[in-house]
Amino acid sequence: MQPTLYEKLGADNVTLLVERFYDLVFVHPEISHLFKTDKEIIKEKQRLFLTQFLGGPALYSQQYGHPQLRARHLPHPIGNDEAVAWLACMNKAISTLPIDEPLKDELFKRFVPTAMFMVNREEEE
Ligand code: HEM
């Protein structure tokens, strides 16, 4: 069987990715205002979620139940611009990981459809 992205990355890189990603998100001019919960809680939830999203153990579901990611994002106004900003932060965070380029590409591509699926508002003119 093919190794999962989680196996290729390893748990330490998932933790590193989450740290670096939110360091960018929490200061991003377009999306930082959306994040209102305790920053450490957000990071920990994302670490649990990404572990399972990338094919590792279902840590998020064990603690919080079915992710229902789109439903959980509905209270937050996410337009195309916000999804692009989120992906830009993710791309930048991925670029800092100590992994090879093809793995960086594969990892980034994994996020694109999910981020676009979170769009829940028409862009304002
Ligand atoms: C498209 C752009 C996105 C935006 C603007 C966004 C924004 C947010 C916001 C504002 C929250 C709530 C934070 C809080 O509690 O204060 C959240 C939670 C979360 N987001 Fe996103 N998100 C996006 C895409 C994604 C994607 C692509 C993933 C996964 C691959 C993801 C995974 C999560 C998870 C796991 C949570 C925690 C859910 C929970 O409350 O248990 N998000 N996001």
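Start at 1 and go down the list; that is how both ligands and their atoms are numbered. Just so you know, these numbers use all the heavy atoms, side chains as well, and skip hydrogens, waters and symmetry mates.
For Y60, the closest heavy-atom approach to ligand 1 falls below 4.0 Å. Under a 4.0 angstrom heavy-atom cut-off, F35 registers as being in contact with ligand 1.
We find that E106 and K109 are not joined by a salt bridge, their nearest charged nitrogen and carboxylate oxygen being 4.0 Å or further apart.
Against a heavy-atom cut-off of under 4.0 Å, L34 is close to the following atoms of ligand 1: 5 (C), 10 (C). Annotation for ligand 1: atoms under 4.0 Å from non-hydrogen atoms of K36 are 16 (O). Near A83, with a cut-off below 4.0 Å to any heavy atom, the atoms of ligand 1 are 1 (C), 2 (C). Using a 4.0 Å cut-off to heavy atoms of R72, the atoms of ligand 1 that qualify are 38 (C), 39 (C), 41 (O).
The N/O atoms of Y64, backbone and side chain alike, include none that comes under 3.5 Å of an N/O atom in ligand 1.
When the options D23, V25, L48, T15 are evaluated for a side-chain contact (heavy atoms from CB on, under 4.5 Å) with K43, the one that passes is D23. Each of V14, D12, N13 was scored for a side-chain contact (heavy atoms from CB on, under 4.5 Å) with L16, with one residue passing: N13.
The single protein non-hydrogen atom nearest to atom 28 (C) of ligand 1 is W86 CZ2, 3.6 Å, given as residue, atom name and distance. Looking only at heavy atoms of the protein, atom 16 (O) of ligand 1 is closest to T37 OG1, 2.8 Å. Regarding atom 12 (C) of ligand 1, its nearest protein heavy-atom neighbour is H76 NE2, 3.3 Å.
The residue among H73, R110, M90 with a heavy atom at the shortest distance from atom 19 (C) of ligand 1 is H73. Residue K45 holds the heavy atom nearest to atom 40 (O) of ligand 1 of all those in K39, K45, R70, Q46.
The proximity of V119 to ligand 1, defined as any non-hydrogen pair under 4.0 Å, does not occur for either the backbone or the side chain. Counting heavy atoms closer than 4.0 Å to ligand 1, residue I41 contributes nothing at all.
Counting heavy atoms from C-beta on, the side chains of L107 and L9 come closer than 4.5 Å. A 4.5 Å side-chain heavy-atom check between I31 and F26 finds every atom pair outside the cut-off.
By the neighbour-count criterion of 12 heavy atoms within 6.0 Å, atom OH of Y64 is densely surrounded, having more than that number from other residues, nucleotides or ligands.
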#### Entry: F117/R70 under side chain to side chain contact (heavy atoms under 4.5 Å, CB included): CA gap, chis, key distance, verdict
CA-CA 7 Å; F117 183 55; R70 193 165 193 282; 3.5 Å; yes
### Task
Could you give me the CA-CA distance, side-chain angles and deciding distance for F53 and Y6, then say whether ring pair (Phe, Tyr, Trp, His ring centres under 6.0 Å) is met?
CA-CA 8 Å; F53 180 73; Y6 177 77; over 10 Å; no
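Side-chain atoms of Q52 come within 3.5 Å of backbone N or O of Y60 as a donor-acceptor pair.
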